[in-house]
Protein chains: 2
Amino acid sequence: MANSARRGEPLTPGEIYETALRLVDAGGVEALSMRKLATELGVNPMSLYHHVDDKTALIREVARLAVSRLQLPADDGSPWQEQLRVLAGAYRVYAMRHPALMSYIDAHPAVIQADSGMMAVLSRILRAAGVPERDLGHTAEVLIWFVSALVTAEGGGMLGMRTGAVDADRSFEIAVELIVDGLAQGGAFKRP
Amino acid sequence: MANSARRGEPLTPGEIYETALRLVDAGGVEALSMRKLATELGVNPMSLYHHVDDKTALIREVARLAVSRLQLPADDGSPWQEQLRVLAGAYRVYAMRHPALMSYIDAHPAVIQADSGMMAVLSRILRAAGVPERDLGHTAEVLIWFVSALVTAEGGGMLGMRTGAVDADRSFEIAVELIVDGLAQGGAFKRP
DNA sequence: GGTAGTAGCCATACAGTGTATGGCTGGTAG
DNA sequence: CTACCAGCCATACACTGTATGGCTACTACC
């Protein structure tokens, strides 16, 4: 394997994705260009294509890398209401770490086919909340989109842009409590 | 005013925005380029700049045009639960007409500072639901993000991509009923 | 009526993008 | 020793947004 003329060692997928993630975090997805990434790595732009199919594949891998770092809370036996609050909080913290990437993922969710362990944890909690099996998928989907949109908006500084409301913590609290109350009520799952 | 060499009449903002909206609806925001738009209008690309500041201003105007067509239901005296369902449904129908643009607006809400009449209608309904004045802004914000994310996802064919759930109508129904129940419960607005 | 001003349009050019193509080099398998 | 090929790179193409400057024909004013 011939290594680079201007670098000591060959490129690794790891450093490519890490560096790309850094660029995205710093300037948004639109600030990530193959040329900038290459310069950052001290390498010719075309060299990247020996490790990555194309730019969309690169971003998908970067997204996967970020998602893999989502810290999911374990089942601690506490009531489902509390576990749901904790899960939402964890998702929020995670989103604040990569706001630009979150915004991209929201618009291109194909990048993550299976949401790592997120779906499993959420399903368990929803079952505990009494959501019937036939509505589990739909409900999980809805809740992920709800929370995802909200934390992405907050991370992108887009909260309060429509209404002037400014206290993000309060908005998030209201959001979570609305969901908890709605689930507890269970009216959405009544047999027709 | 010298009119075009290759067109009979001067460009109008109207036809520019209409055509741009058509392009966006057809191929997404990324399919809208100044050159394509110009060709579509039978005009030189640079001619557009006499009517539009730059591309982001163009998109903002296109978004405004689309938003102005949102059909908001009037107060018909029915219970707030019902009015909220109708409002959500109207938003959904509207979003399905311009899915690509919705996705863009969700990621760049700065394009619409004041959501036309949407905020007013929503505020009225929330007041009727008993949401205290100090939480009105936050709650409205949260709900708009909730519903907006969901219908954008549906319009973009991104629903079911995370969980495999496929019945969009059912997902939407669950979403709305969760919100209605949550508001009715009112636990989110209890004094600390 | 003549003239200055300008609205509208266009040609050219520049810096940037993703990536297809093909060639070089040096380590490794047979 | 030879063939192969992983890794890297130089060049090139089509595309993007838009800065600059020039042309033309209409309007406003003297």
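In what follows, every chain begins at residue 1, and chains take the letters A, B, ... in the order their sequences are listed.
Map Arg35(A) and Pro45(A) each onto its nearest nucleotide of DNA chain D; the residue landing nearer the 5' end is Pro45(A).
The side-chain hydrogen bond (donor to acceptor under 3.5 Å, both in side chains) search around Glu133(A) returns Arg127(A), not counting sequence neighbours. Qualifying side-chain hydrogen bond (donor to acceptor under 3.5 Å, both in side chains) partners for Ser47(A), counting only residues two or more places apart in sequence or in other chains: none. In terms of the side-chain hydrogen bond (donor to acceptor under 3.5 Å, both in side chains) criterion, Gln185(B) has no residue partners (sequence neighbours excluded). Residues passing the salt bridge (Lys or Arg N to Asp or Glu O under 4.0 Å) test with Arg22(A), sequence neighbours excluded: Glu40(A).
One can place CG of Asn44(B) at 13 Å from P of dG17(D), the figure rounded to the nearest angstrom. What separates CG of Asp54(B) from C1' of dT16(D) is a distance of 14 Å, to the nearest Å. dC15(D) atom P lies 17 Å from atom CG of Leu37(B), rounded to whole Å. Between the OH atom of Tyr49(B) and the C1' atom of dA7(C) there is a distance of 19 Å, given to the nearest Å. Rounded to whole Å, the distance from CG on Asp53(B) to C1' on dA19(D) is 14 Å. For the pair Glu30(A) CD and dG16(C) C1', the computed distance is 14 Å after rounding to whole Å. Separating the NZ atom of Lys55(A) from the P atom of dT19(C) is a distance of 8 Å, rounded to the nearest angstrom. As a whole-Å value, the separation of Leu11(B) CG from dG8(C) P is 9 Å.
Listed by first and then second residue, the salt bridge (charged side-chain N to carboxylate O under 4.0 Å, His left out) pairs involving residues 25-34 of chain A amount to none (not counting sequence neighbours).
Ile125(A) contributes atom CD1, which lies 5.0 Å from atom CG of Leu87(A) (distance to the nearest 0.5 angstrom). Rounding to the nearest 0.5 angstrom, the gap separating the OH atom in Tyr17(A) from the CG atom in Leu37(A) is 10.5 Å.
Listed nucleotides dC9(C), dG17(D), dG18(C) differ in distance to Pro10(B); the shortest reach to its side chain belongs to dC9(C).
In this structure, Leu32(B) reaches the sugar-phosphate backbone alone: every heavy-atom distance under 4.0 Å involves primed, P, OP1 or OP2 atoms, never a base.
Side-chain N/O atoms of His51(A) include none lying less than 4.0 angstrom from OP1 or OP2 on dA6(D). For Ser47(A), a side-chain nitrogen or oxygen approaches OP1 or OP2 of dC9(D) to under 4.0 Å.
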Nucleotides 21-23 of chain D: which of its N/O atoms have a protein N/O under 3.5 Å away?
none

